[in-house]
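Reading through the structure tokens given below for one structure.
Below, chain A is the first sequence line, B the second, and so on; all start at residue 1. Remember, predicted model here, so these are calculated numbers, not experimental data. Below, all heavy atoms of this structure are taken into account, side chains as well, without hydrogens, waters or symmetry copies.
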Amino acid sequence: MVRYQDQKLQLYNSLTGEKEIFKSINEGLVGMYVCGPTVYSNVHLGNCRTFISFDMIYRYLQHLGYKVRYVRNITDAGHLTDDADEGEDKISKKARVEKLEPMEIVQQYTLDFHNVLNKFNNLPPNIEPTATGHIVEQIEIIKTIIDNGYAYERNGSIYFNVLKFNEDHEYGKLSGRKLEDMIANTRALDAQSEKDNPQDFALWKKASPAHIMRWPSPWGGDGFPGWHLECTVMSSKYLGETFDIHGGGMDLKFPHHECEIAQGEAAHGHSPVNYWLHANMLTLNGKKMSKSTGNSILPEELFTGDNDFMEKAFSPSVVRFFMMQAHYRSVLDFSNDAIVAAEKGFNRLSEAIKTIADLTSSKESSIDAPAWVERCYAAMNDDFNSPILIAELFEGAKMIHAVKEGKQTATAADIELIKETFNAFFYDVLGLETNSKTGSTDSKHLDGAMQLIIDLRTQARANKDWATSDQIRDQLVAAGIQLKDGADGTTYTVK
RNA sequence: GGCGUCUUGGCCGAGCGGCUAGGCAUGGGUCUGCAAAAUCUAGUACAGCGGUUCGAAUCCGCUAGACGCCUCCA
């Protein structure tokens with residue numbers, strides 16, 4: 001269903017620093033590229049936030065009726081361990097430390113990445129290209145950049161000439177940096193770099209004899225590609241030289257995305273991306289999550305409860321809901337209190353959704369469901385404001401309860417509209433899943449057993465045998481099962 | 001040192017010139033044998049100091065603090 005003609009989507013473009021009305025290059029089609037992970041270790045929760053944010057964006061674009069080609073890379077080569085374009089790449093290092101083939105490392109953590117995102121109910125991208133699968137293309141684009149006069153060779157390595165580029169282009173326009181300032185701030189002359197300028201960056205590095213991951217090059221011997229090149233190559237290959245949306249974490253804005261723009265312009269003569277979107281960081285204890293400092297938590301540790309930060313385990317949907325309660329461009333701090341509060345809110349919404357099925361319709365509606373639906377769309381149209389959307393969903397929950405209790409009335413059509421809207425936003429756009437374990441074999445067995453216990457207790461209560469009924473209730477609580485005595489019978493939830 | 005962002009009620013978190021954000025927690029109701037659960041309801045916050053304006057949490061300046069990038073990083 002095409003909705004984008006009616007729903008005016010605005011998004012914040014990092015390149016211009018303003019909210020802009022989104023217009024795709026090709027009517028009805030959207031090309032979106034998101035920088036993926038370097039697969040040399042397990043993805044932590046902070047990494048996940050970025051991918052969950054863009055998953056939500058991807059889902060909403062699809063909901064609006066766009067046909068989206070979503071490309072997200074796997075970085076399985078390059079990316080050195082330290083600055084100045086020197087040293088080992090991370091994957092090789094890990095491979096050496098763990099005595100594995102680099103590609104074993106890549107495989108292991110790629111699988112972990114997929115597995116974790118799958119638990120978070122992320123939709124897979126349409127294309128997930130790897131850097132090592134595009135070495136040929138990277139070499140080709142380097143040749144083009146050299147031919148265009150924006151790169152030079154030094155001892156078998158190729159560097160991007162930032163100064164030259166800046167003469168007829170604007171280096172730093174995305175991150176708001178001025179090349180002159182950067183040069184002025186360069187401390188001393190860092191060692192004997194082969195680069196003409198500290199600002200220059202590597203497109204290709206000659207491999208030292210010990211370097212494991214290496215490919216033949218036209219520049220005298222083996223080498224490996226530079227950090228930023230793969231994204232330029234793979235995005236342009238699958239989405240075209242100019243495409244609609246490029247996303248990634250805020251920390252990639254500089255230098256990574258800045259370099260991508262430079263490479264794209266140097267190779268193709270025009271800017272590669274119309275809308276740059278940056279997702280903000282997830283912090284833990286007020287500091288950015290980072291594996292190197294140990295300030296991070298793994299999703300699996302959250303799901304199992306096996307960690308030092310949280311008092312209990314949390315389901316992936318609860319974690320996702322927690323993230324959706326903050327805007328993707330805001331820093332979000334992860335804490336026990338915050339996630340506990342989110343879980344309760346999440347459960348309340350889930351319960352409200354279930355009660356939609358129990359509503360009885362009236363001839364007239366005293367509620368204004370269509371207006372509420374429009375507010376939901378308005379929230380998402382305003383730069384994917386999921387926290388406002390969730391606030392509206394809570395308003396929806398209030399409507400549902402009011403109708404349930406007969407304080408308000410709704411026509412069958414309005415009830416259907418509410419149901420569709422919850423389905424669309426809660427499940428499809430936010431990508432949440434209710435924690436219903438019903439349907440599994442285990443739960444069928446449990447349901448049967450519980451029904452028996454509930455029946456026995458109901459009899460005891462009918463006989464005013466409070467001692468027995470309370471004993472059943474209390475012991476079940478101790479066993480992690482909570483009984484709820486409602487007007488139309490007793491139900492239970494597993495804690 | 002340079003560039004940038006942020007500071008909202010007990011906690012989390014929207015808002016970006018005038019109108020109740022929302023959630024959690026808390027108080028008070030309803031329901032209930034009692035609970036729990038559910039549900040209704042109450043609170044009036046914007047770091048500090050100046051300024052602009054009829055009017056500022058929202059714009060400008062200064063101060064303080066925090067964070068991010070400047071090196072791989074989602």
With both distances kept under 3.5 Å, what pairs with B/rC54, Watson-Crick or G-U wobble?
B/rG18
Looking at every strand, decide which applies to A/Glu395 at a 4.0 Å heavy-atom threshold: base, sugar-phosphate, or nothing.
sugar-phosphate
If you check the A/Arg473 side chain, which of B/rC69, B/rA74, B/rA35 turns out closest?
B/rA35
Quick check: does any side chain N or O of A/Arg329 sit under 3.5 Å from a backbone N or O of A/Leu277, one acting as donor and the other as acceptor?
no
Sticking with atom P, work out how far B/rG61 lies from B/rC3, rounded to a whole angstrom.
14 Å
Assign A/Ile339 to base, sugar-phosphate, or nothing according to its heavy-atom contacts below 4.0 angstrom with the strands shown.
nothing
If you measure from the P atom in B/rU53 to the same atom in B/rA45, how many Å do you get, rounded?
25 Å
Rounded distance in Å - CG (A/Asp470) to C1' (B/rG33)
9 Å
A/Phe254 has an atom CZ; how far is it from atom C1' of B/rA74, in whole Å?
18 Å
Indicate for each nucleotide in nucleotides 2-20 of chain B, in 5' to 3' sequence, whether protein heavy atoms under 4.0 Å reach the base (B), only the sugar-phosphate (S), or nothing (-).
BS--------SSSS-----
Here the distance between atom P of B/rC69 and atom NE2 of A/His228, to the nearest Å, is 15 Å
First encountered from the 5' end of RNA chain B, between A/Cys35 and A/Arg461:
A/Arg461
Quick test of your reading of the model: are A/Arg72 and A/Asp55 salt-bridged, counting only N-O distances below 4.0 Å?
no
A/Glu405/A/Lys407 salt bridge by N-O under 4.0 Å criterion
yes
Salt bridge between A/Lys119 and A/Glu300, side-chain N to carboxylate O under 4.0 Å?
yes
Counting the atoms with a prime plus P, OP1 and OP2 as sugar-phosphate, which does A/Lys291 contact under 4.0 Å by heavy atoms, base, sugar-phosphate, or nothing?
nothing
Distance, C1' atom - from B/rA57 to B/rA21, rounded to whole angstrom:
13 Å
Would you mind telling me which residue lines up with the more 5' stretch of RNA chain B, A/Ser469 or A/Gly249, judged by nearest nucleotide?
A/Ser469
May I ask which nucleotide in the shown strands pairs with B/rC11, Watson-Crick or G-U wobble, both distances under 3.5 Å?
B/rG23
A/Lys354 and A/Glu351 ion-paired at < 4.0 Å:
yes
If the C1' atom of B/rU7 is compared with that of B/rC49, how far apart are they to the nearest Å?
15 Å
Atom P, compared across B/rC6 and B/rC60: separation rounded to whole Å:
11 Å
If only side-chain N and O atoms of A/Lys344 are considered, is one of them under 4.0 Å from the OP1 or OP2 phosphate oxygen of B/rA25?
yes
Heavy-atom check, side chain of A/Thr293 versus side chain of A/Lys287, under 4.5 Å
no
Does any donor-acceptor pair link the side chain of A/Asp485 with the base of B/rA35 at a separation under 3.5 Å?
yes
Rounded to the nearest Å, what distance is computed from the CZ atom of residue A/Phe314 to the C1' atom of nucleotide B/rC24?
12 Å
Rounded P spacing from B/rC70 to B/rC19 in Å:
41 Å
Nearest-Å distance once atom P is located in both B/rG48 and B/rU30:
40 Å
Distance check, P atoms only: B/rA25 and B/rC62, in whole angstrom units.
42 Å
Counting only Watson-Crick pairs (N1-N3 plus N6-O4 or O6-N4) and G-U wobbles (N1-O2, O6-N3), all under 3.5 Å, who is the partner of B/rC31?
none
Over all strands shown, is A/Arg348 touching base, sugar-phosphate only, or nothing at heavy-atom distances under 4.0 angstrom?
sugar-phosphate
Check every atom of B/rC40, B/rA21, B/rA74 against the side chain of A/Met281 and return the nucleotide holding the closest atom.
B/rA74
Give a yes/no on whether any side-chain N or O of A/Arg72 is located under 4.0 angstrom from OP1 or OP2 of B/rA74.
no
Testing B/rG22, B/rC69, B/rG33 for proximity to the side chain of A/Arg457, the answer is B/rG33
Face-to-face stacking of A/Trp466 with B/rG33, centres under 5.5 angstrom, angle under 30°
yes
Complement of B/rC49, any strand, by Watson-Crick or G-U distances under 3.5 angstrom
B/rG61
Any strand counts, and the cut-off is 3.5 Å on both contacts for Watson-Crick or G-U wobble. Which nucleotide pairs with B/rU71?
none
Heavy atoms under 4.0 Å, any strand shown: does A/Gly248 hit a base, just sugar-phosphate, or nothing?
sugar-phosphate
Do A/Lys312 and A/Glu343 meet the salt-bridge criterion of a basic N to acidic O distance under 4.0 Å?
yes
Here the pair of heavy atoms bringing A/Ile418 nearest to A/Ala369 is CG1-CB, 4.3 Å
Which pair of non-hydrogen atoms, one from A/Asp112 and one from A/Val43, has the smallest distance, and what is that distance?
OD2-N, 3.3 Å
Assign A/Lys178 to base, sugar-phosphate, or nothing according to its heavy-atom contacts below 4.0 angstrom with the strands shown.
nothing
Does any part of the side chain of A/His44, heavy atoms only, come nearer than 4.5 Å to the side chain of A/Leu284, both counted from C-beta?
no
Between C1' of B/rG33 and CG of A/Asn463, the distance in whole Å:
13 Å
Could you state the CD-P distance from A/Glu405 to B/rC40, rounded to the nearest angstrom?
6 Å
